[in-house]
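Heavy-atom basis, side chains included; hydrogens, waters and symmetry copies ignored. Naming: A, B, ... by sequence-line order, numbering from 1 per chain.
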Protein chains: 2
Amino acid sequence: MALGRVQIEGVAPELDGGRFPVKRVIGDDLVVEADLFADGHDQIAAVLRYRPAGEAKWQETPMEPLPNDRWRASFPLEGLGRYQYSVAGWIDPFRTWRREFEKWVEAGDQVLMELRVGAELVEAAAERAEVSPGGLAPGDGELPNDPATQLRRWATRLRTWSADPSLEDDPSSLLGPDGPTKGELAALMARFPDRTGETRYGRELEVVVDRERARFSAWYEFFPRSTAPDSSEHGTFDDARRMLPYVREMGFDVVYLPPIHPVGRTNRKGPNNRRTAEAGDPGSPWAIGAKEGGHKSVDPRLGTLEDFRRFRAAAEAEGLEVALDIAYQCSPDHPYVEDHPEWFRTRPDGTIRYAENPPKKYEDIYPIDFETDRWPELWQELKSVFSFWADEGVRIFRVDNPHTKALPFWEWTIRELKETHPDLIFLSEAFTRPKMMYRLAKLGFTQSYTYFAWRNTKAELTSYLEELVQPPLSEHFRPNFWPNTPDILTEFLQTGGRPAFMLRLVLAATLSSNYGIYGPAFELLEAAPREPGSEEYLNSEKYELREWELDREDSLRDFIARVNRIRRENEAFHTNDTLSFHAVDNALILAYTKRPSGGGASILTVVNLDPHHVQSGWVDLDPDTVGISGNEAFQVHDLLGGGHYFWEGTRNFVQLDPHVSPAQIFQVVTQGRSERDFDPFA
Amino acid sequence: MALGRVQIEGVAPELDGGRFPVKRVIGDDLVVEADLFADGHDQIAAVLRYRPAGEAKWQETPMEPLPNDRWRASFPLEGLGRYQYSVAGWIDPFRTWRREFEKWVEAGDQVLMELRVGAELVEAAAERAEVSPGGLAPGDGELPNDPATQLRRWATRLRTWSADPSLEDDPSSLLGPDGPTKGELAALMARFPDRTGETRYGRELEVVVDRERARFSAWYEFFPRSTAPDSSEHGTFDDARRMLPYVREMGFDVVYLPPIHPVGRTNRKGPNNRRTAEAGDPGSPWAIGAKEGGHKSVDPRLGTLEDFRRFRAAAEAEGLEVALDIAYQCSPDHPYVEDHPEWFRTRPDGTIRYAENPPKKYEDIYPIDFETDRWPELWQELKSVFSFWADEGVRIFRVDNPHTKALPFWEWTIRELKETHPDLIFLSEAFTRPKMMYRLAKLGFTQSYTYFAWRNTKAELTSYLEELVQPPLSEHFRPNFWPNTPDILTEFLQTGGRPAFMLRLVLAATLSSNYGIYGPAFELLEAAPREPGSEEYLNSEKYELREWELDREDSLRDFIARVNRIRRENEAFHTNDTLSFHAVDNALILAYTKRPSGGGASILTVVNLDPHHVQSGWVDLDPDTVGISGNEAFQVHDLLGGGHYFWEGTRNFVQLDPHVSPAQIFQVVTQGRSERDFDPFA
């Protein structure tokens with residue numbers, strides 16, 4: 001039994017009934033909507049409440065009514081970390097009085113009495129203003145110096161009017177700008193409401209605020225050990241430093257390195273994942289740990305920790321951020337195995353269980369037992385791996401197979417780590433069932449790998465993207481599109497030739513604001529699988545050193561540089577929120593636009609999904625999402641190929657030769673927008 | 001930092017994150033689904049937990065896996081009132097072991113060692129069985145008398161096998177029906193799982209279990225005061241008793257009476273809502289309260305409380321249940337006004353505020369102030385009105401304008417009242433904005449009035465019904481369709497003549513499992529509005545006594561009786577869950593089916609929405625929802641008109657003359673189903 005006549009429901013954003021935070025980036029406004037309503041005809045008022053997590057005091061901003069009992073407000077996300085927010089509403093008798101008073105005045109009925117009712121309401125507000133002269137958070141207007149006195153003055157005015165019988169006969173002057181229902185008094189009264197019967201939404205919701213790179217990033221993965229001038233030698237961090245200008249010129253902003261730790265010797269795998277290694281075979285970087293150390297050590301063949309620091313500093317100087325790969329698994333030689341055998345599962349004969357998926361055995365890997373009796377110590381140690389590298393200045397981690405580790409660990413460790421380093425970014429490398437992938441994002445991962453590599457047709461791409469860019473997924477799951485990885489050489493790339501690489505790159509880079517490639521395999525069009533039907537690379541760098549001829553004439557480096565420059569220069573590509581698809585009368589052509597969220601020219605990307613043949617068709621643009629009127633003439637500038645075209649209306653023709661360029665990225669330039677932009681010869 | 005590797009999300013049904021209960025009726029099974037999954041390849045097990053609210057002990061039933069990480073179980077709703085339910089899941093190492101063991105056996109690898117692993121798991125289960133031999137709730141199988149001994153025996157068997165090297169060479173016998181992965185051991189192990197790392201879903205959800213009538217009912221509203229043999233006299237309960245056989249013969253099961261309390265005299269309204277009444281004008285039953293009493297009293301003109309008891313008993317004898325109208329508002333003469341002036345709002349001059357909606361004034365009504373300082377006493381008193389009539393045996397209440405009373409009052413009072421009387425049914429008479437209407441249902445109302453009266457076209461009816469019969473609405477909002485009420489004489493009925501009444505009745509009765517009419521105005525085709533454009537009846541019974549000629553030849557009573565008999569005899573009409581629409585190539589014909597939830601013949605209703613002209617068209621039946629194959633021959637029997645038709649395939653012709661019958665209600669009889677049913681001359 002409790003008062004609280006205002007009902008609050010349908011609060012958005014809200015994930016799983018408030019169980020998980022939503023995600024935004026710094027500088028965003030968090031727009032919050034809710035349904036608020038009360039019985040009867042009384043008017044209500046509402047505020048959005050918010051605070052940085054950990055602060056006791058809530059801030060408040062008024063919510064504005066929309067149609068159909070919906071209300072909206074927003075607050076600025078000015079700092080990294082977590083904010084909490086909620087909604088409150090109350091009956092506002094003065095707002096009700098204003099509305100009804102105006103009707104009584106129009107009807108010329110009981111005006112004097114209603115003025116007395118109003119005076120009572122204003123007097124009560126004056127008393128509240130005396131007690132706490134700060135009142136409710138400002139909204140738009142400024143507060144006068146002495147609001148209580150001001151309110152008392154208004155009350156007197158209302159009482160004087162209520163004693164003037166001539167106003168009963170002709171009350172129309174009361175509806176003027178200086179009347180009691182307009183301007184000053186309304187603003188003052190809104191600041192000193194009676195909130196004793198207020199309803200608070202029963203949940204305090206959270207938003208995690210990340211830095212901009214969480215939402216917009218271009219990743220380049222490479223194996224530093226393949227960068228030695230003499231390809232028979234194991235490359236070092238110093239060698240890898242020479243890759244940085246190359247990566248930077250292509251326009252990437254994150255360089256991601258496979259694990260840099262000492263590699264195990266026991267049961268080391270040979271080239272092409274052969275069960276035995278020859279002397280000199282480098283082993284897989286994911287077989288982590290040797291007598292030289294574990295997850296907090298550097299493979300001595302790459303150099304020292306000092307060398308890594310120099311590499312990281314050099315990357316930073318190039319405007320590149322280093323991302324490390326954290327894979328929680330151990331080679332049999334990892335120091336944990338001797339120091340903490342209790343962190344692993346044993347078999348009845350007392351030996352440690354290596355990884356298995358019957359009938360397959362992975363004798364070079366010991367999985368960690370997250371449910372060991374000593375799990376609290378284990379979890380602290382695992383968390384400290386991140387802390388160690390964070391202390392070394394690393395702020396981005398690509399996490400290997402998080403879906404095979406206890407999920408409560410992730411929720412705990414990411415939350416804890418971000419308390420200290422709210423600028424951390426965690427990329428979840430889970431290729432598994434959808435609910436698990438999405439759950440990892442709910443639990444705290446900043447970005448996620450996706451099924452993009454295997455979505456090739458127009459129907460597949462459209463339905464997948466439409467799922468990703470809308471709530472609930474868009475509230476927490478930030479896709480990172482990779483056309484290839486060291487584990488994934490798709491059949492499409494194996495068989496599609498250079499056009500396939502180009503079109504998959506354009507799709508990744510323009511559909512998703514986060515994307516990455518595994519190079520130099522990608523730009524050098526590496527396409528041979530280990531065996532037919534396999535998605536493994538032949539002679540994969542995972543198991544051997546490779547030499548890459550970066551200056552090869554057919555390299556896609558210039559093409560990639562152009563795409564990355566277009567991404568960077570056009571704000572439309574910095575989020576996925578505005579993505580929308582447009583009909584094309586050819587199933588092999590995909591057309592979509594993105595718009596800068598702050599307004600401005602739309603970018604229309606048109607991709608020929610067929611890497612073999614010229615395709616053409618008519619694109620039916622949705623004028624509203626593109627920002628054109630139904631039948632005007634406008635221009636499209638191909639930012640990729642350089643062409644300028646005059647288009648008219650919503651239906652226009654495109655033709656794409658995959659051997660020239662399988663995609664066009666059009667800036668849409670309407671006449672109204674800028675005369676200069678419209679000059680095709682500018 | 002906490003273990004609990006199993007993740008639980010997407011629990012259904014769940015309303016607003018568990019804030020509100022869902023609704024079912026007694027005898028239903030509550031089917032609960034949830035997403036459950038864990039990291040890695042370990043197998044999991046899950047239970048649905050449930051208990052009647054108030055009981056400390058949970059019962060459990062195993063959940064079964066569906067595709068895509070979905071799990072399902074159900075529990076029987078055997079009693080009225082509230083049940084709680086939730087979900088728990090845990091890692092099941094034995095299930096994982098079984099699956100992997102079978103693969104090792106097939107691979108002929110490490111079989112003996114795995115048998116030892118299995119033995120250890122079985123021994124641990126035996127220890128658990130010693131501690132609590134009851135184990136997990138049964139699911140399907142019966143538990144042996146001494147499960148611990150049985151498990152020990154199995155452990156020994158596994159150890160014996162593990163010492164037999166011949167099994168390493170030829171382990172195939174281990175996959176037989178007596179092997180460790182099949183039948184008995186699997187069932188036993190499922191009963192004694194290790195649940196120390198169990199995850200419980202963080203919320204305990206609720207379901208309200210009502211009686212069958214909450215879901216399936218046919219209401220008849222009439223004014224007892226219009227039943228006197230001499231129409232100039234005020235009718236009494238004794239007069240009204242004579243209506244009961246008439247109502248019963250039409251096939252209704254609820255008789256609903258407008259307020260039966262003393263009617264105020266001050267500012268009494270005259271016929272057609274005139275501002276002043278003449279001597280002898282009976283006043284509006286909704287102007288409640290006079291010196292003879294208030295909400296717990298009977299209008300002396302109707303009789304005594306004893307007369308009401310006799311009326312109720314007579315209704316019960318006819319198989320009819322009496323529903324009362326509870327309208328929380330007071331005439332100026334209500335005893336509350338003198339005894340509790342603090343329950344009303346006053347104006348500055350000290351007088352009580354009557355109801356207003358400027359510039360309109362309702363001087364005959366004082367609204368109750370639910371926010372009065374003395375609200376706790378007020379709410380208790382208002383609740384006691386329901387208790388009073390419940391003690392008089394009334395179990396159904398139609399609540400007048402609940403959306404103009406404090407909503408927290410409803411949540412509190414309905415919940416409290418149903419603690420004592422879980423068989424209570426509350427019908428919400430709110431015709432207002434959708435979110436408010438739906439919120440009232442969430443807060444506890446059993447059934448709700450709807451927008452049905454104003455949904456006339458195929459598009460309107462289809463989209464409205466599709467919203468109503470699916471979650472989330474179908475979980476808590478039970479529509480009650482009324483083609484007319486004393487307040488609502490739609491333009492469609494005003495202008496459509498007899499066919500309009502017939503088709504609106506069929507729509508109400510067959511689209512919605514709960515429906516009602518206001519009679520005898522309905523069956524006697526009363527169609528004159530107070531003035532053009534008004535939905536008020538001319539000479540409305542709300543303000544004057546009426547005489548009804550029940551035996552008029554054009555009465556719809558026989559037609560209504562037929563429709564109600566069809567509803568009663570065909571289980572398909574007892575819920576809305578299976579409603580689905582079928583395409584017709586004529587926008588004026590609506591076709592839809594319902595199926596009995598337990599299986600059986602579908603009922604196809606075809607309605608001509610045009611009350612003026614013959615309409616015909618081809619119905620495209622969706623074979624799956626109708627239960628026919630794509631091209632077989634079948635029969636349809638018109639339960640309403642009596643015709644039998646041979647149909648073939650999914651596309652069939654219908655033609656409806658509104659002046660004969662604007663609707664056909666077909667039982668679909670397929671050949672396979674019953675030879676007898678297929679005989680058209682049976």
- Message: Under 4.5 Å from any heavy atom of chain B, what part of A/Glu411 do you find: side chain, backbone, both or neither?
- Response: neither
- Side chain / backbone / both / neither for A/Asp16 at chain B, heavy atoms under 4.5 Å: both
- Message: Under the rule for side-chain contact (heavy atoms from CB on, under 4.5 Å), what residues qualify as partners of A/Arg200, not counting sequence neighbours?
- Response: A/Arg49, A/Ala88, A/Glu198
- Task: Mind telling me whether B/Trp379 and B/Trp412 have parallel, tilted or perpendicular rings, with 30° and 60° as the class edges?
- Result: tilted
- Could you look at A/Ala38 and say if it's the side chain, the backbone, both or neither that has a heavy atom under 4.5 Å from chain B? backbone
- Item | Under 4.5 Å from a heavy atom of chain B, the part of A/Lys405 involved | backbone
- Message: At a heavy-atom distance under 4.5 Å, which candidate from B/Ala107, B/Gly4, B/Gly10, B/Pro434 has the highest pair count against chain A?
- Response: B/Gly4
- Hey, are the side chains of A/Glu33 and A/Trp71 touching, using non-hydrogen atoms and a 4.5 Å cut-off? no
- Answer with yes or no after comparing the ring centroid distance for A/Phe409 and A/Tyr328 against a 6.0 Å cut-off, counting only values under it. yes
- Message: Please find the pair of heavy atoms, one from A/Gly18 and one from A/Leu205, that lie closest to each other, and give the distance.
- Response: CA-CD2, 3.6 Å
- Message: For the interface with chain B, which of A/Asp349, A/Ile8, A/Asn357 has the highest count of heavy-atom pairs at distances below 4.5 Å?
- Response: A/Ile8
- Residues of residues 366-373 of chain A with a heavy atom under 4.5 Å from any heavy atom of chain B, in residue-number order, are A/Phe370, A/Glu371
- Query: In terms of heavy-atom pairs under 4.5 Å with chain A, which of B/Gly40, B/Pro358, B/Pro376 leads?
  - Reply: B/Pro358
- Task: Can you tell which part of B/Arg203 gets under 4.5 Å to a heavy atom of chain A, answering side chain, backbone, both or neither?
- Result: side chain
- Which bit of A/Glu102 comes within less than 4.5 Å of chain B, counting heavy atoms only: side chain, backbone, both or neither? neither
- Does B/Trp343 reach the side chain of B/Glu381, with side-chain heavy atoms less than 4.5 Å apart? yes
- Within a strict 4.5 Å, meaning less than it, do heavy atoms of the A/Leu158 and A/Thr160 side chains meet? no
- Message: Under a 4.5 Å cutoff for heavy-atom pairs, which residue among B/Glu106, B/Arg99, B/Glu114 has the most contacts with chain A?
- Response: B/Glu114
- Query: What residue in A/Val117, A/Thr413, A/Thr432 has the most heavy-atom pairs under 4.5 Å with chain B?
  - Reply: A/Val117
- Query: Quick one: of B/Pro402, B/Pro348, B/Pro359, who has the most non-hydrogen atom pairs under 4.5 Å with chain A?
  - Reply: B/Pro348
- Tell me, side chain or backbone of A/Gln7 under 4.5 Å from chain B's heavy atoms, or both, or neither? both
- Item | Flag for A/Gln110-A/Glu168: side-chain donor and acceptor within less than 3.5 Å | no
- A/Glu429 side chain to A/Asn401 backbone, donor-acceptor under 3.5 Å: yes
- Item | Short N-O contact, A/Arg374 and A/Glu377, less than 4.0 angstrom | yes
- Item | Side chain / backbone / both / neither for B/Ile91 at chain A, heavy atoms under 4.5 Å | side chain
- Under a 4.5 Å heavy-atom cutoff, which of B/His403, B/Met113, B/Glu14 has the most pairs with chain A? B/Met113
- Does a side-chain heavy-atom distance below 4.5 Å link A/Leu440 with A/Trp410? yes
- With a 4.5 angstrom heavy-atom cut-off, which part of A/Lys383 approaches chain B: side chain, backbone, both or neither? neither
- Heavy-atom distance under 4.5 Å to chain B: side chain of A/Arg415, backbone, both or neither? neither
- Are any of the side-chain nitrogens in B/Lys361 or B/Glu356 under 4.0 Å away from the carboxylate oxygens of its partner? no
- Heavy-atom closest pair, residues B/Leu407 and B/Arg439: CD2-CG, 4.0 Å
- Message: Under 4.5 Å from any heavy atom of chain B, what part of A/Arg5 do you find: side chain, backbone, both or neither?
- Response: both
- Considering only heavy atoms and a distance below 4.5 Å, find which of A/Lys442, A/Arg19, A/Glu100 pairs most often with chain B. A/Glu100
- Relative to the ring of B/Trp97, is the ring of B/Phe101 parallel (under 30°), tilted (30 to 60°) or perpendicular (over 60°)? parallel
- Task: May I ask you to name which of B/His41, B/Glu9, B/Glu120, B/Glu416 has the most heavy-atom pairs under 4.5 Å with chain A?
- Result: B/Glu9
- For the student: nearest non-hydrogen atoms of A/Asn68 and A/Asp35, plus distance: O-OD1, 4.5 Å
- Item | For A/Tyr438, the option from A/Glu467, A/Arg433, A/His476 that meets side chain to side chain donor-acceptor pair (under 3.5 Å) | A/Glu467
